[in-house]
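Everything quoted here is computed from the prediction, not taken from an experiment. As the structure lists them, so they are numbered: ligands from 1, and atoms in each ligand from 1.
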Amino acid sequence: MSKSSVKILGYGVDGFDMEQALEFAQDNGGQVVTINPEMILAAQKSPEFSQIINDAELVIPDGVGVQIGLKILGHKVNRIPGIEFGYSLLQNCAKNNKPVALVGAKPEVIELAQKNLKNDIPNLNIVYAHDGYFSDDEAVIKDIIDAKPELVLVALGSPKQEFFIKKLKPSLPDAIMVGLGGSFDVWAGVVKRAPKLYQKLGIEWLYRTIKEPQRIKRIFPTLPLFLLKVLNEKMLRG
Ligand code: UDP
């Protein structure tokens, strides 16, 4: 399957729907970036992070922010929530007897997430799991390589998880590796996902901000600044 990628503020985003994105990742392996406006703004300030996004095998628009930005630029793309994408990959690995690794979140959270996932997904083979609070990347990377997973889900928050995957990727070139933000907290049942209506409207961020008002400091300057930059790009393109 070939990709049709559209650009936003210099970064390519792949225009797949969920099924196509799953098929592409499963056929090709490699790094999957679940991109959002915060990440794009951070990448603009970091050549290393920009490089990682540009080198990723797949970039999927996680939230409504990037979808709106692309709409302003005249492109229609599907939103692919990373948490759903990661869950479907786990289900498909279980069906096909493929081993998986999980890295990230607090120790008690990763424990609970593993337990719940094993209960919910029959035959899920988790060959390695580690919390996300370690200082020696190399030791964790070595243990993951030894476990030979075909799917690695990394939930360290961004951009930490993308940098970690970049380091791991050359040693497991056929595996799929996805940065998944706070997904393990949801799978552990520690954080609730927004109700379905919020999900459908693409405003999960609004729900999370109401629940965790301290997030407003992160979202508030980011989204308007991102959209202003996109509008500027549109003007420049004419
Ligand atoms: N996290 C981690 N190691 C760290 C920092 C964060 O494992 O050094 C985990 C944190 O416990 C949470 C996840 O990364 O499970 C995502 O954190 P956050 O909510 O900040 O990220 P977002 O989803 O907003 O990108």
**Student:** Just to confirm my output: which protein heavy-atom neighbour is closest to atom 13 (C) of ligand 1, and how far is it?
**Tutor:**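 The closest one turns out to be G181 O, 3.4 Å.
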**Student:** If we only consider heavy atoms of E38, is any one of them less than 4.0 Å away from an atom in ligand 1?
**Tutor:**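 Outside the 4.0 Å threshold, so no.
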**Student:** Testing the 3.5 Å rule here: is there a donor-acceptor pair between the side chains of S158 and E162?
**Tutor:**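 On atom types as modelled, these side chains qualify, holding a pair under 3.5 Å.
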**Student:** Which atoms of ligand 1 sit under 4.0 Å from any heavy atom of A155?
**Tutor:**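 Those atoms are 7 (O), 9 (C), 13 (C), 14 (O).
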**Student:** Nearest 0.5 Å, please: how far is CG in N119 from CD in Q114?
**Tutor:**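 So the gap between those two atoms works out to 11.5 Å.
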**Student:** Which atoms of ligand 1 have any heavy atom of K160 under 4.0 Å away?
**Tutor:**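 Here the atoms of ligand 1 in question are 4 (C), 8 (O).
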**Student:** How many angstroms lie between atom CD of Q26 and atom CG of L89, to the nearest 0.5 angstrom?
**Tutor:**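 CG of L89 is found 5.5 Å from CD of Q26.
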**Student:** Out of P159, S135, A105, P107, who gets a non-hydrogen atom closest to atom 7 (O) of ligand 1?
**Tutor:**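 When every heavy atom of P159, S135, A105, P107 is considered, A105 comes closest to atom 7 (O) of ligand 1.
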**Student:** Among all the protein's non-hydrogen atoms, which is closest to atom 3 (N) of ligand 1, and how far away is it?
**Tutor:**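 Here the nearest protein heavy atom works out to G132 O, 2.8 Å.
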**Student:** Of all the heavy atoms in Y133, does at least one lie under 4.0 Å from an atom in ligand 1?
**Tutor:**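 Within the 4.0 Å threshold, so yes.
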**Student:** Roughly how far, to the nearest 0.5 Å, is CG of D185 from NZ of K106?
**Tutor:**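 Reported value, rounded in 0.5 Å steps: 7.0 Å.
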**Student:** Using distance alone, determine whether G104 and ligand 1 share an N or O pair under 3.5 Å.
**Tutor:**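 The answer is no, given that G104 and ligand 1 share no N or O pair closer than 3.5 Å.
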**Student:** Among all the protein's non-hydrogen atoms, which is closest to atom 24 (O) of ligand 1, and how far away is it?
**Tutor:**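 Looking at atom 24 (O) of ligand 1, the protein heavy atom closest to it is R218 NH2, 2.8 Å.
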**Student:** Under 4.0 Å from any heavy atom of R215, which atoms of ligand 1 are there?
**Tutor:**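 Under 4.0 Å from R215, ligand 1 has these atoms: 24 (O).
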**Student:** Report the part of Q161 (side chain from C-beta onward, or backbone N, CA, C, O) that has a heavy atom under 4.0 Å from ligand 1; answer both or neither where that applies.
**Tutor:**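 Neither; no heavy atom under 4.0 Å.
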**Student:** For atom 17 (O) of ligand 1, what is the closest protein heavy atom, and at what distance to 0.1 Å?
**Tutor:**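 That would be G157 CA, 4.1 Å.
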**Student:** Students often mix this up, so state it plainly: with edges at 30° and 60°, are the rings of F134 and H130 parallel, tilted or perpendicular?
**Tutor:**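 Plane angle over 60°, so perpendicular.
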**Student:** Is the F16 to F85 ring centre distance short of 6.0 Å?
**Tutor:**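 Here the rings of F85 and F16 have centres that are no less than 6.0 Å from each other.
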**Student:** Does D185 approach ligand 1 within less than 4.0 angstrom via side chain, backbone, both or neither, non-hydrogen atoms only?
**Tutor:**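 Under 4.0 Å from ligand 1, D185 contributes side-chain atoms alone.
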**Student:** With rounding to the nearest 0.5 Å, note down the distance linking CG in L180 to CG in L102.
**Tutor:**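 Those atoms lie 9.5 Å apart.
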**Student:** Show your reasoning for whether side-chain hydrogen bond (donor to acceptor under 3.5 Å, both in side chains) applies to S183 and Y87.
**Tutor:** CA-CA 9 Å; S183 300; Y87 197 83; over 6 Å; no
**Student:** Would you mind checking which non-hydrogen protein atom is closest to atom 5 (C) of ligand 1, with the distance to 0.1 Å?
**Tutor:**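 Protein heavy atom at minimum distance: L156 O, 3.5 Å.
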**Student:** At under 4.0 Å between heavy atoms, is it the side chain or the backbone of E212 that contacts ligand 1, or both, or neither?
**Tutor:**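 The answer is neither; E212 stays 4.0 Å or more away.
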**Student:** In terms of residue, atom name and distance, what is the protein heavy atom nearest to atom 23 (O) of ligand 1?
**Tutor:**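 Here the nearest protein heavy atom works out to G182 N, 3.0 Å.
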**Student:** Can you tell me how far the CD1 atom of I53 sits from the CD1 atom of I40, to the nearest 0.5 Å?
**Tutor:**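 Between I53 CD1 and I40 CD1, I get 7.0 Å after rounding to 0.5 Å.
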**Student:** Please report the interatomic distance NZ(K167) to CD1(I144), rounded to the nearest 0.5 Å.
**Tutor:**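 Going from the NZ atom of K167 to the CD1 atom of I144 covers 11.0 Å.
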